[in-house]
Amino acid sequence: MGPSVALPETGHRARCRIVVEGVVQGVGFRPFVYRLARAHRLGGSVRNGQHGVLIDAEGDRETIARFLDELQSSAPSLARLRHLSVSWTTPQHDGEVFRIETSSDEGQPALFPAPDLAVCSSCLAEMGHPEDRRHHYPFLNCTECGPRYTIIRALPYDRERTAMASFTMCPSCREEYEDVGDRRFHAEPTACPACGPRLALLNATGRVLEVAEPFQDVVAALRAGQIVALKGLGGYHLACDATAPAVVSELRRRKARDAKPLAVMVGSLDAALRLCIISNAEADLLQSSARPIVLLERRPEAGQEVADEVAPRLRHLGLMLPHTPLQHLLLGRLDRPLVMTSGNRSDEPIAYEDGDALARLGGIADLFLAHDRPIEVRCDDSVARCIDGAPLVLRRARGYVPLAISLIHEAPEPILACGGELKGVFALVRGREVFLSQHLGDLGDERAYRAWTDAIGHLQRLLELTPRVVAHDLHPGYRSTAYAQMLDGVSHVPVQHHHAHIASCLADNGIDARVIGVSWDGTGYGTDGHVWGGEFLLADLDGFERAGSFQEVPMPGGEAAVREPWRMAAVFLQAAYGEAMEELDLAFVRRLDRTAWRLLSRAAERGLNAPPTSSAGRLFDAVASLLGLRDRVDFEAQAAMELEALAAPEADRVYSVDLQERDGRIVVQTPDIFRGVVEDLLAEIGTEQIGSRFHATLADVIVRTCRRLRDRSGLDRVALSGGVFQNVKLLRLAVDGLGRSGFQVYTHHQVPPNDGGLALGQAAIASRLQEDGNRA
Ligand SMILES: [Zn+2]
Ligand SMILES: [Zn+2]
């Protein structure tokens, strides 16, 4: 390559070096460049470098300019161009030959690994064609589709650095791979029945069963009510007939999963439409190349098509369409929806290694449908929903990870943001890009914690970076905090939990501005050591002021109060009525174990194991228990989800709630809300209407508090974040009310409002701090 020269004059021969950064490997980008260069009769070459895709192009100046335009305007749909740099060099007059060269090692690493992509329609057509050499072959793929992140061992993305390295291409596959006119030109994981991975059917003890077409046997087993472990892209699924109540109950029993909703896979959009009400935006999300589980409202008349045991008491169903060829083969032959849930027991991480899967799932599955293509990294299904036509990712994993999210501020040093505890997600920052990990489960579980630390190592190796700055939560009991503090030779950036939520919402929307942050969730460690969770912050990426919060109440028994919402109901009743609570003519009071309660409340009075909390999540729990929904929960937010599902569509009024000023802070008198609910119960108002009034009241509290904070601060932008805003009913009411009051409102889209989004907020705060430090 010659020295950099000035822009050549019009009509003159020119040569330029183009470096394209972004998701440009594994998405058919090089063949696209090749075809484009040929069409423009340019000479030169294209290759994968560690810096991105490198292009040398030579021709007359105008042609190169058109080539550059089209490079950006007509790139393959799956490519994400982040940055394109052009430098002009001396023409070499080496003709009009344009070549694709093998990978080059030059340059600094700036590669963006691609996420896994759902099988494309061309590949599906081949799989269904009896004359095609890939008929019924479940591992076919092309440059438009197939596994990526879950098979990559290192970058640049070439077959030798993937899980396909041990499969030698047959002459036919090699021919396609090398033919620039072919759909499989440089499709790194390409395979066929002669040379690629194969299915294997195993019984529960791991013995291989000799059968001709294993998937046919699996179809028969599923029809017969058996539970089958299926090896997928990022791990094993457990599948069973979703229409059979006894089978679904048996799966729950074996998996030790009491009530958490189970995902369902259907074969087509038509099949999904028979079960749920689906908008155009929701249909697009279902059919997107990420193929997430989409939460959809059930059709009331479709009651019996999916067993109640799949998602007890919930108005929504998590549906997904097949994303692998194998799932298409199975669903195409089964005339019914399948439960398709992560292959794990209870809260453990999904099993992805064959030996481990057999050991852990042996007591759950009757059969295993495995194959010999290794999974390099575990990656669960993503979960998303649509709110007013816009997607909201609730669990970010397969199909989205490791797509980067761009920050406003550039970090000169690589950052690791450790996230929270309940949703193990970390982030790595390189320059302006944040790479969020897949959701890895509750770090309180030993296996999940190990999966999380393994994933940190894996993504660091993939991106070839070593963090110099580590951001983490303030909670001294989080394992992610302990991990961060264990790291030597780095600078630590502790970030308050609810500040991180608001920063995450800012980063999700690509802004850095001072906002009124409404940060509501179940639990987060406050700067005063108390359990926060109903917070109003005046915040930007530089810092925050706690401008308002819910009235604190004790959590009798600490963590036990999270699992047993009846404790919080009793606490709020006492806060609202004092000793007179025991005289109230309420079903809750009649079933209250008074002995247990008196012991707890006496301990709480003496400050024994009753940490004060301003949590919004606990208020939801308390109301759910008071309404008789449940006194104990099996999983986080269960009571709140049921309260949302119960609430009538329209509220006719709100409860009156006092906003007190204390030490310059607004304190929301939450016991007032409880009094409103109790009076309605005594007046025999239906629980659906009470649930609705409760949601409307909280939205009203948000609007009133934000108005008062606007008067004080002049801020008119509001960011809504924290797990409570997974509640679509509350989110809609709050967004509408704030909008009517003239606020600009920011909500989440790319990352979850729950703790799965914390790492993004921590990363944004740490990179802002670094930029600041650099300037100083
Ligand atoms: Zn394809
Ligand atoms: Zn082959």
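The shown structure was predicted, so the numbers you read here are calculated from the model rather than taken from an experiment. Counting convention: from 1, in listed order, for ligands and their atoms alike.
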Around atom CG of Asp69, are there more than 12 heavy atoms of other residues, nucleotides or ligands at under 6.0 Å?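 Yes.
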Could you tell me whether Glu126 and Arg184 make a salt bridge, using a distance below 4.0 angstrom between a side-chain N and a carboxylate O?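 Counted as a salt bridge, because a side-chain N and a carboxylate O are separated by less than 4.0 Å.
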Does this structure show an ion pair linking Arg66 with Glu70, if we count only N-O contacts that are shorter than 4.0 Å?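 Looking at Arg66 and Glu70, the cut-off is not met.
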Measure the acute angle between the ring planes of Phe215 and His136, then classify it against the limits of 30° and 60° as parallel, tilted or perpendicular.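 Aromatic pair Phe215/His136 classed perpendicular.
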Donor-acceptor contact below 3.5 Å, side chain Glu188 vs main chain Arg159: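 Yes: the side chain of Glu188 pairs with the backbone of Arg159.
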So, does Arg41 use its side chain to make a donor-acceptor pair with the main chain of Gly59 at under 3.5 Å?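 Between the backbone of Gly59 and the side chain of Arg41 there is no qualifying donor-acceptor contact (under 3.5 Å).
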Around the Zn ion (ligand 1), list the protein N/O/S atoms within a radius below 2.8 Å, excluding water molecules.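 Checking every protein N, O and S atom gives Cys120 SG, Cys123 SG, Cys142 SG, Cys145 SG.
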Angle, SG of Cys192 through the Zn ion (ligand 2) to SG of Cys170 - 10° precision: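 Angle SG(Cys170)-the Zn ion (ligand 2)-SG(Cys192): 100°, rounded to 10°.
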